[in-house]
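Nothing here was measured: the structure is a model prediction, and the numbers come from that model.
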Amino acid sequence: MAETVKIGRVVVAPDHRGRGLGQALMRAALDICARLFPTEPVALSAQSHLVPFYRALGFVPTSDEYLDAGVPHVDMRRAAGG
């Protein structure tokens, strides 16, 4: 059975948002995951309002919405190889 690679918190400072840095950071992280763990799916916990952002990177929701530190989140997963 495959293991799952997990990406933790991804943060872009507020004064640097809107420049595509989050997408560049996620693409770099996914490239590293694919290189080091090519047969493993990738999982993360997304703030609910960012689900469309992560969907565009190939992630799909795998849980109902839940609160993490008072903020709505959804677990998401991306198949191995994207």
Run through Val71, Val74, Leu67 and flag the one making a side-chain contact (heavy atoms from CB on, under 4.5 Å) with Ser48.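 The single option meeting the side-chain contact (heavy atoms from CB on, under 4.5 Å) with Ser48 is Val74.
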Kindly give the heavy-atom pair with the smallest separation between [X] and [Y], and that separation in Å.
| X | Y | answer |
| --- | --- | --- |
| Ile7 | Met26 | CD1-CE, 3.9 Å |
| Ala80 | Pro38 | CB-O, 3.8 Å |
| Phe59 | Val42 | CE2-O, 3.5 Å |

State, yes or no, whether a side-chain contact exists between Pro41 and Glu3 at a heavy-atom distance under 4.5 Å.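 The answer is no, as the side chains (C-beta and beyond) never meet within the 4.5 Å cut-off.
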In one Ile/Leu/Val/Met/Phe/Trp/Tyr side-chain cluster, 4.5 Å: [X], [Y]:
| X | Y | answer |
| --- | --- | --- |
| Val60 | Val51 | no |
| Leu25 | Met76 | yes |
| Leu21 | Val10 | no |

Rounded at 0.5 Å granularity, tell me how far [atom1] in [X] sits from [atom2] in [Y].
| X | Y | atom1 | atom2 | answer |
| --- | --- | --- | --- | --- |
| Ser45 | Arg9 | OG | CZ | 6.5 Å |
| Leu44 | Tyr54 | CG | OH | 5.5 Å |
| Leu57 | Gln23 | CG | CD | 6.0 Å |
| Arg78 | Glu40 | CZ | CD | 13.5 Å |
| Phe37 | Thr4 | CZ | OG1 | 11.5 Å |

Please determine whether the number of non-hydrogen atoms from other residues, nucleotides or ligands lying under 6.0 Å from atom CG of Asp68 exceeds 12.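 Yes, because the 6.0 Å sphere around CG of Asp68 holds more than 12 heavy atoms from other groups.
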